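Below is one structure; the comments refer to it alone.
Remember, predicted model here, so these are calculated numbers, not experimental data. Atoms within each ligand, like the ligands themselves, are counted from 1 in listed order.
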Amino acid sequence: MADFEAKKIVKVFESLSGPIRILDEVSIGLNRGQNLAILGPSGSGKSTFLHIAGSLDSATSGTVCLNGEEYGSLQETQLARFRNQNIGFVFQEHHLLPQLSAIENVLIPTIASPIAGNGSIERAQALLEQVGLADRMDHRPAMLSGGERQRVAVARSLICDPVLVLADEPTGSLDQKNAELIGELLLSLQQANQTILICVSHNEKLASLFQRRIELENGRFVQEK
Ligand code: ADP
Ligand code: MG
């Protein structure tokens with residue numbers, strides 16, 4: 001069994017015209033150190049898949065496992081803890097809190113983490129250095145550029161040392177140059193930490209840097225043509 005396994009994930013949404021099967025038995029297995037880009041047209045279910053992989057949403061049927069633990073069916077309190085300790089998220093928008101500094105934003109996930117402990121400030125500093133923001137730690141989001149804000153979001157996604165990092169169009173709001181920088185950063189940190197990175201992207205150039213690329217089409221994963 002791979003470190004991360006999604007097995008036969010089905011997602012059906014109810015709509016006025018009846019149920020729609022957005023994901024139709026999609027399966028994927030990835031080991032630590034592997035990265036995957038998910039491509040596909042808007043509305044094909046890419047975010048829906050990432051939300052299920054990240055336990056932000058539940059599947060209609062099918063299972064998600066990380067290190068052998070099937071977490072999709074955990075109770076909400078246990079699930080929140082599992083997510084906090086094992087999964088990092090980067091979204092299209094940075095979702096930083098405007099009243100907090102860069103380092104405070106990076107530290108937010110540690111508030112809910114019983115294992116974060118005393119070393120978290122040093123870890124947040126180290127992460128901000130790794131993303132090239134050593135001299136911006138006390139800046140609020142409004143004092144940072146779009147690319148810098150997203151770099152803070154990348155640092156925040158790694159603060160609890162996750163196994164699985166999920167990025168949903170992380171470069172979608174950035175210009176080409178910053179998009180490339182963020183993409184390269186996500187991949188270099190993924191290799192350094194030997195995490196599993198799954199990234200949804202429309203950016204062909206970025207997707208080409210990933211070890212594996214898969215397209216979501218009519219609710220199914222197909223190998224990129
Ligand atoms: P993508 O990320 O590939 O653009 P999404 O996963 O966001 O696509 O959405 C896939 C489809 O599922 C879309 O048609 C969307 O309208 C529908 N959808 C997403 N979330 C819901 C929901 N909570 N209820 C009903 N339909 C939804
Ligand atoms: Mg989406």
Exercise for the section: Identify, by atom number and element, the atoms of ligand 1 in contact range of P41, meaning under 4.0 Å from any of its heavy atoms. Expected result: 3 (O)
Problem - G40 touching ligand 1 at heavy-atom level, < 4.0 angstrom - result: no
Exercise for the section: Answer yes or no: is there a side-chain heavy-atom contact under 4.5 Å between N35 and Q191? Expected result: yes
Problem - Per-atom contacts of ligand 1 with S42, taking only distances under 4.0 Å to non-hydrogen atoms - result: 4 (O)
Practice task
Write out the residue and atom name of the closest protein heavy atom to atom 7 (O) of ligand 1, then the distance separating them to 0.1 Å.
Solution key: S47 CB, 3.7 Å
Practice task
Please write down residue, atom name and distance for the protein heavy atom closest to atom 9 (O) of ligand 1.
Solution key: T48 OG1, 3.8 Å
Handout entry: Side-chain heavy-atom pair R151, L144 within 4.5 angstrom cut-off
Key = no
Practice task
Indicate, with yes or no, if M143 and V152 share a hydrophobic cluster defined by side-chain heavy-atom contacts under 4.5 Å among Ile, Leu, Val, Met, Phe, Trp and Tyr.
Solution key: no
Problem - Check: N31 side chain, D3 main-chain N or O, donor-acceptor pair, under 3.5 Å - result: yes
Exercise for the section: Look only at interatomic distance and state if G45 has a nitrogen or oxygen under 3.5 Å from any nitrogen or oxygen of ligand 1. Expected result: yes
Exercise for the section: Can you pull out the closest protein heavy atom to atom 10 (C) of ligand 1? Residue, atom name and distance to 0.1 Å, please. Expected result: G43 O, 3.3 Å
Handout entry: Which residue and heavy atom of the protein sit nearest atom 19 (C) of ligand 1, plus the separation
Key = F13 CE1, 3.4 Å
Handout entry: Any N/O pair E14/ligand 1 closer than 3.5 Å
Key = no
Handout entry: Donor-acceptor contact below 3.5 Å, side chain K205 vs main chain E180
Key = no
Handout entry: Any side-chain heavy-atom pair of L74 and R81 under 4.5 Å
Key = no
Handout entry: 4.0 Å protein heavy-atom contact status of atom 16 (O) of ligand 1, strictly under
Key = no
Practice task
Starting from the C-alpha separation in whole Å, work towards a yes-or-no answer on side-chain contact (heavy atoms from CB on, under 4.5 Å) for R21 and V10.
Solution key: CA-CA 7 Å; R21 208 173 167 88; V10 172; 3.7 Å; yes
Fill in the blank from the handout: In ligand 1, the atoms that come under 4.0 Å of a heavy atom of I22 are 10 (C), 11 (C), 12 (O)
Problem - Backbone or side-chain N/O/S of S47 under 2.8 Å of the Mg ion (ligand 2) - result: yes
Problem - Contact check, side chains of D138 and I103, non-hydrogen atoms, under 4.5 Å - result: yes
